[in-house]
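A quick note: this is a predicted structure, and the numbers were derived from the prediction, not measured. The figures that follow rest on heavy atoms only: side chains count, while hydrogens, waters and symmetry mates do not. Residue numbers start from 1 in every chain, and the chains themselves are labelled A, B, ... in the order their sequence lines are given, proteins ahead of strands.
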Amino acid sequence: MRKALVVVTTVLLAVFVFQFVFAAVGAFTRPAGDGAYLLHSVTGMAIIPALCVLTVLFAVLARAPGRVVGMTVIPLGLVILQALIAMLANSFTDASGSSTTLSLIIGGLHAFNGIIAVHVVVGVLREAQKLPVPGSVLTGTTT
Amino acid sequence: MTTGSIIALDIVIAVLAAASWLAAGATAATTALSAAGVSEPADTADHGRAGTASRRRLAIGLAVVAVIAILARVVTTIVLIRAGWWFAAEKVLIAGPLALAALLVAGPRVVRWVKGGRPPVVALLFAGYAQTAAVLVTVLHGYPVSSAAVLLAFGGVGGATMVTWRLAGPPPGRAVSRAPVVVTVAVITAGLVLVVAQRPAPAVPHAHGSVAEPAVAEPTRRFTLTAGTATVRADGREIEAWAFNGQVPGPPLTATVGDVLEVTLRNRDIDRGVTLHWHGYDVPNSQDGVPGVTQAAVLPGEEFVYRFQADQAGTYWYHTHAVSDIGVRKGLYGALVVQPSGTQVRDPAARGTGIEVIVPVHTLDGRSLPEAVEDTADAGTPVRLRLINTDSTTHRYALTGAAFRVAAVDGVDLNRPSALLNTAVLIPAGGRYDLTFTAPATPVGLFVDGRVVWSTGPVAVPPQAWPVLDLLTYGGSVPNPLPRADREFTLVLDRGLDMHGFLPRYAHTVNGAADPDIAPQVVRSGESVVFTIVNRSLVVHPWHLHGHHVLVLSRDGERARGSPLLLDSFDVRPGEVWKVAFRADNPGMWANHCHNLAHADQGMILHLLYG
Ligand SMILES: [Cu+2]
């Protein structure tokens, strides 16, 4: 299970990196047609949350300490927050849907929150790699 | 501040409170761990202790931020209660108790911690879960407050707290731990059972062709519209579109009051079917073109003949109502213009007495239609611009170079419209405005969202800062005693989790339900009906009732003071409350929906039927 946790966290990290690429694809698609942000939103609202849930699940199954399980929950929370921020940013656009200063600030928070999430996932990956391998000499903490 | 921005601000504050509690809990947990000597690197003991002290300060600071946020939320909630109970119900009934529990549980323990007690990790995280649940209830199922939402919120907080307790807190005694687990599981189970059991009765079975309608005379205007995939040129690019007669927009259909229109719709190769809906034209129910309600969708190789009398003059449009979100977006739409009777010549421009321009604005695969046209207009020529918004979002129109009047909205003439200068107009999705003016000797330009679409010479882009016309105070009022309402309906527009078959979706909802689970509205012929439409979501919803024009009574409690407004498409912005009335004088079963067609597709459509 430790191995599964490491693998799924690595995949999550990779998808997160691609998510930034997809956001850029959306931003630079001309014309900004119907599907410009499609990849970004599908990844953000389906693939990443699913991987986050798997991370939590594998952390629990790997009998990781409470602190590490707690850490794996953080990306899930941040991803939900991320969708909420995107919704709020849209709600602050003006009557004909053009962006306003406030909507741009909140949109900026969306990017900022994404960067934080990546850092947390890197932290989770480090912790997962540090977990004792079953059967090895290091299994001191299991009871 | 508008109610709409208070709604958004309230969510921002609630998120801040939740994040602060959770971060305080997580920070407290690290101090607890280092106090217990777990996982702290073998730094110098002094360094470790200093780090612990600063993290303790950080955690306490975060808890203080959370408390301040909760107090701020009390203020936003009171403002929202004053705007209407719909906006605040779940904040008072669910978020309030949860926030109070968070304060009562975490508050005293944080104070004890300040005085040197143990870090209250579980209490802080409990507060975080409670506040998170409060946010989720607002975002996922706010109105009406349901017992299922209450149970799931409280059960979820209980469950998360117990898991945390096991993972991080001091192990509880065996006798204590069993009872709350049983209660929590029971509460969550009861909530889930209610979710399944409380699903509203599905809409009345769709029956069409049951209403007796007057016979229509022999057609005087015949058209054929053939729907099919086509490659069209727009903005210098080839676009794969769905088109009527190979063109986007479809051919404009014109008639004169008194004409009988016969429109033959054929489907060449649109696999998902097409229909024709006469947007804003209050045709008999059988001609309304809503698949599954008034007719079956016309599949490839099939045809359907629409026949109706043109008895309302004005600017309208037609579009498919089958998979309407995709269908209209891809190009299945066109203008319908009916001239007042007595106008024998169908193209007034040809009469030399004036210029008429139809401007159906549309976004086709990211490109804005129509392309800019430069016209000539001799000074003194009367001009009528028939503006049609065929998109799903609001557009901003501005006319430079001349004073103009909004002569008609949604096909209906306004009473004594005054001249406007340097004023923008916002046209909702599906809406139509007729702008009239007399051409001056200098150039005039019409802009849509800052892009010129029609002009009579070189013109500069009008400033974004122009004020926007408010129709509710425009034109001359008519002393009309409001009819007593025989029947009233309230429609609370929001978003929420909804089971679509077996798949959960984040739907656009009316009164907490999404199509096909929204109870139909039943009226009797001849009744005077009042709708109160409340938008508690974060996005605008352009409301559109088929088969009727509605008279605007008030917005946010303020009576409409201008010309009587008979609309078929009107923007209900976040936080707004519209009261509109209509006479039930067109029997049948009518779609009543948001004309942001993506929203309609995601649940925001219900039906009005005559019982
Ligand atoms: Cu809508």
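In this structure, the side chain to side chain donor-acceptor pair (under 3.5 Å) partners of B:Asp10, at least two apart in sequence or on a different chain, are B:Arg73, B:Thr76. By the salt bridge (Lys or Arg N to Asp or Glu O under 4.0 Å) test, B:Arg505 pairs with B:Asp498, sequence neighbours left out.
Only the side chain of B:Val135 comes within less than 4.5 Å of a heavy atom of chain A; its backbone N, CA, C and O stay farther away. Only the side chain of B:Val15 comes within less than 4.5 Å of a heavy atom in chain A; its backbone stays farther off. Neither the backbone nor the side chain of A:Ile74 comes within contact range of chain B; no heavy atoms are under 4.5 Å apart.
The candidate from A:Val60, A:Val69, A:Val73, A:Leu84 with the greatest count of non-hydrogen atom pairs under 4.5 Å with chain B is A:Leu84.
Side chains of B:Asp470 and B:Arg555 form a contact here, defined as non-hydrogen atoms less than 4.5 Å apart.
B:His599 and B:His508 have parallel rings, their planes meeting at less than 30° on a 0 to 90° scale where 60° marks the start of perpendicular.
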